[in-house]
Amino acid sequence: MADNRVLTEVLRQLVDTFSYIDPGLVPYIADQLNLSKAEVLGVISFYEDFRTDKPPAHVIRICQAEACQAVGARQLIEHSHTEKYSGLDDIEIGTVSCLGLCACGPALICNNNVYGKVNTSKFDSLIHSLARHK
Amino acid sequence: MSSSNTSPVKVYIPLDSAAIAMGANSVTQSLEALLNTHVLNVQIIRNGSRGMIWAEPVLEVLSARGRIAFANVTSEVVEQLFTLGVFDPALNTDELVPDFHPSYLGFTEEIPWLKKQQRLTFERCGISDPLDLDEYINLGGLKALKQVLGQAPQKTVDAIKHSGLRGRGGAAFPAGIKWQTVYECINDTKYIVCNADEGDSGTFADRMIMEGDPFLLIEGMVIAGCATGAKSGYIYLRSEYPVARKILTQAINIAKHHQLLGDDILGSEFDFNIELFVGAGAYICGEETSLLESLEGRRGEVRSKPPLPAHQGLFGKPTLIHNVISLCSVPAAIKDNGTVYASIGTKRSLGTLTIQLAGNVKRGGLIEIPFGASLREVIEEYGGGSQSGRPVHAIQIGGPLGAYLPESVWDTPLDYEAFTEIDAGIGHGGIIVFDDTVNLREQAEYAFQFCVEESCGKCTPCRIGSQRGVDHFQNAENPTLVDLDSVGKLCDLMESASLCAMGGMTPIPVRSAMRYFPEDFNQPYRSKGEPSA
């Protein structure tokens, strides 16, 4: 019998272990769980966490939600888009909607570590420290 | 309690995400480094957060006369406190003048911000190590469960009914009706599902209680299982909460080892198990039917109702699905058959509301008070005004699908029905404060944008309507003028024809912005603080 329940467990384990899902595994997963490739891909594409490209060493997600907007998240995100942060090989910068750090925003999460009250200079020093510890 | 020379001085530093985000881990490391280089008899306890997020990291020291607290502690402050003898067993709190150190807050229990609150659900949060089960029991934990295990299920369901508890996830549906429905379903398999997919901006009560008092959630779920006849439960936790994930995993294991989960709970004949399921980054999965789809391993697409989850929920079985705070409120709610809980609050909004005060506010955090206080009281008395020092201009209450409210309605009491009357909702109790640099046109556009990103795509009004909404803002022939009539009609359509609250409630922030802040809709995108071109 097709088992979807196991599917998300498998995908979660893959992401937790390898930080992404190799698309080459999709036919194998589908076969093992008696699902169609479309079903597997459908689930993968629905969820933000189930990425199919290998992330760089450091992944930063800046909270873009309202509570952080109220204390400067828009400006912080704009700052992260400036030229000095484009083309960093080891660091990927993106956004997230809410980290539950709404009373100490702007917040971000970097490799599962959380940071609060991140202003542009705190952001710069975080990037700097990541670049040093390659 | 006395601290003799032989027993260590207890120092508390929270392990809560917000405290960590503000530096609690490095504060702990600094103190540990001090302990390595000096002869100090100190025991560091990582507790939950008391909810004073404005003061995090908070460091507390247990003195002979109670716990004293220090706010916004850094590694430097730790060094200074050490020099001042704060970690000395002979510390005499009588000698501590209020300004002996800028971080000093006095006795924790006397801090007005905390003292004014009435904590029932958050009674224990921040007091002890969240994984110390003995402390949980010492502080009153498991009393409710023990009583429930020894009584008829209907009696527990009745207590929930009498308490007046309503779902704290946002919809405020009477919990007793849900419990009775699931209890009456005849089925060998029933489920308790805890919705811990707290994705609404401005809300963090679920995260705080899961990190700070995880056994309370377990106790609430076991009680719900015992009362409705369910033997298994799932916690659907969002992946954006790595600390909560770690703590819940440990708490569930500890509970299993101590017969709080598994077979014959606490020596009774009741069996119950809990499985932690980690979501994968989809806001929509906070909607209950989408959550169930996701839990079954599929795309988190919303189901049409009926059937209600109480009749046919997870895997088609009767399912009691509740938000974290609802389940965590159960032990307090059923005390004395619900009479105590029902005596607190207003008309039909009974018990306490766990307000999460956030955004541009001086003293944000977790505020648990009876229903009925006004928004203004919360912002002024607890919040202390804006963080930026500029005038508070707008308040969004109830998450991204909640209304933006101007000062003219801040005297509305926090009561579910009173908020319905002003076309707003309390939701999960998240309050976001904005100062006068906010542009409500920008916020209204963001509401549509958010819906574009997070819509599950199943129904057209939400999937296409949200994109049309964004188009109205971005493609207006004259970028300074948004066609408010068309936006209004679009809102009508989304409200009446969307399958769930995502599309159905996105119009709430949009309409409230247009209605209460019209001045922001006929001007170019520019923060008010900036000079005009």
Side-chain angles (χ1 to χ4, degrees), chain A residues 2-16 21 33 35 39-51 61 63-75 95-118 122, chain B residues 17-18 20-23 53-54 56 198-204 206-208 238-244 277-283 285 294-301 315 356-361 364-366 387-388 396 399-400 430 432-435 438 442-443 446 450 453-454 456:
Chain A
D3 196 343
N4 277 80
R5 181 63 217 288
V6 178
L7 174 61
T8 30
E9 267 168 36
V10 168
L11 299 176
R12 166 56 58 199
Q13 286 291 329
L14 284 172
V15 170
D16 283 352
I21 297 158
L33 300 180
L35 296 166
E39 276 174 289
V40 176
L41 283 169
V43 170
I44 290 175
S45 65
F46 189 85
Y47 299 96
E48 194 79 22
D49 291 1
F50 296 156
R51 61 187 294 169
R61 293 282 179 265
C63 177
Q64 60 169 1
E66 290 86 344
C68 285
Q69 285 171 356
V71 282
R74 287 176 193 271
Q75 290 83 338
T95 54
V96 63
S97 282
C98 200
L99 297 164
L101 303 170
C102 319
C104 56
L108 65 79
I109 187 163
C110 171
N111 310 333
N112 267 356
N113 297 313
V114 287
Y115 298 83
K117 295 204 172 171
V118 184
K122 206 167 161 182
Chain B
S17 292
I20 291 172
M22 295 310 293
I53 310 294
W54 52 276
E56 294 292 359
E198 182 179 49
D200 280 357
S201 176
T203 63
F204 47 86
D206 297 355
R207 179 188 63 64
M208 260 189 68
R238 66 198 296 255
S239 63
E240 290 86 346
Y241 286 175
V243 177
F277 183 96
V278 180
Y283 172 80
C285 292
S294 181
L295 203 47
E296 291 180 16
R298 287 190 287 274
R299 292 164 66 86
E301 285 181 4
F315 303 114
Q356 299 120 86
L357 186 56
N360 199 328
V361 66
L366 192 287
Q387 204 177 94
S388 61
Q396 187 182 28
I432 304 176
V433 177
F434 292 83
D435 72 8
V438 68
E442 219 168 37
Q443 296 309 115
Y446 180 77
F450 183 69
E453 277 176 40
E454 303 296 344
C456 79

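The chains referred to below are lettered A, B, ... by the order of the sequence lines, with proteins before strands, and numbering in each begins at 1.
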Which of the residues A:E48, A:E66, A:K117, A:Q64 is involved in the greatest number of heavy-atom pairs with chain B at under 4.5 angstrom? A:E66
If you take all heavy atoms of A:A67 and B:S201, which pair is closest and at what distance? N-OG, 3.0 Å
Okay, B:V243 and chain A: the region with an atom under 4.5 Å from a heavy atom over there is neither
Part of A:L99 within contact of chain B (heavy atom distance under 4.5 Å): both
What part of B:S17 is in contact with chain A, defined as an atom under 4.5 angstrom from a non-hydrogen atom: side chain, backbone, both or neither? both
Quick check on B:L357 against chain A: is it the side chain, the backbone, both or neither that has a heavy atom closer than 4.5 Å? backbone
Is there a side-chain contact between B:P242 and A:I109 in this structure, where contact means two heavy atoms from C-beta onward sitting under 4.5 Å apart? yes
Note: vs chain A, highest number of non-hydrogen pairs under 4.5 angstrom among B:P400, B:G300, B:G399 is B:G300
Going by the side chain to side chain donor-acceptor pair (under 3.5 Å) test, name the single residue among B:Q443, B:Q396, B:E442 that passes it with A:Q69. B:Q443
Between A:S97, A:P106, A:G105, which residue shows the highest count of heavy-atom pairs closer than 4.5 Å to chain B? A:S97
For A:A65 versus B:Y446, what's the shortest heavy-atom pair and its separation? CA-OH, 3.8 Å
Pick from A:V43, A:V15, A:D49 with the largest number of heavy-atom pairs that fall under 4.5 Å of chain B: A:D49
When the 4.5 angstrom heavy-atom criterion is applied to B:L366 and chain A, the contacting part is neither
Could you tell me which of B:E198, B:E56, B:R298, B:E240 has the largest number of non-hydrogen atom pairs under 4.5 Å with chain A? B:R298
Chain B shares the most heavy-atom pairs under 4.5 Å, among A:V96, A:V118, A:D16, A:L108, with A:D16
Quick one: which of A:N113, A:L11, A:N112, A:I44 has the most heavy-atom pairs under 4.5 Å with chain B, could you say? A:N112
Could you tell me which of B:G365, B:S239, B:S388, B:G364 has the largest number of non-hydrogen atom pairs under 4.5 Å with chain A? B:S239
Can you see which heavy atom on B:F204 is nearest to which on A:G100, and at what distance? CB-O, 3.2 Å
In short, A:Y47 meets B:A282 closest at the heavy-atom pair CD2-CB, 3.9 Å
Under 4.5 Å from a heavy atom of chain A, the part of B:Y283 involved: neither
Testing the basics here: between A:L101 and B:A21, what is the closest heavy-atom pair and its distance to 0.1 Å? CD1-CB, 4.1 Å
Whatever's closer than 4.5 Å to a heavy atom in chain A on B:V278 counts as both
Give, as side chain, backbone, both or neither, the part of B:C285 having an atom under 4.5 angstrom from any heavy atom of chain A. side chain
Is it the backbone or the side chain of A:R74 that comes under 4.5 Å from a heavy atom of chain B, or both, or neither? side chain
Please flag which part of B:D206 lies under 4.5 Å from any non-hydrogen atom of chain A: side chain, backbone, both or neither. neither
A:C102 versus B:A358, closest heavy-atom pair with distance: O-CB, 3.0 Å
Residue part contacting chain A, namely of B:R299, when any heavy atom lies under 4.5 Å: both
Taking B:N360 for the side chain and A:A70 for the main chain, is one N or O donor matched with an acceptor at less than 3.5 Å? yes
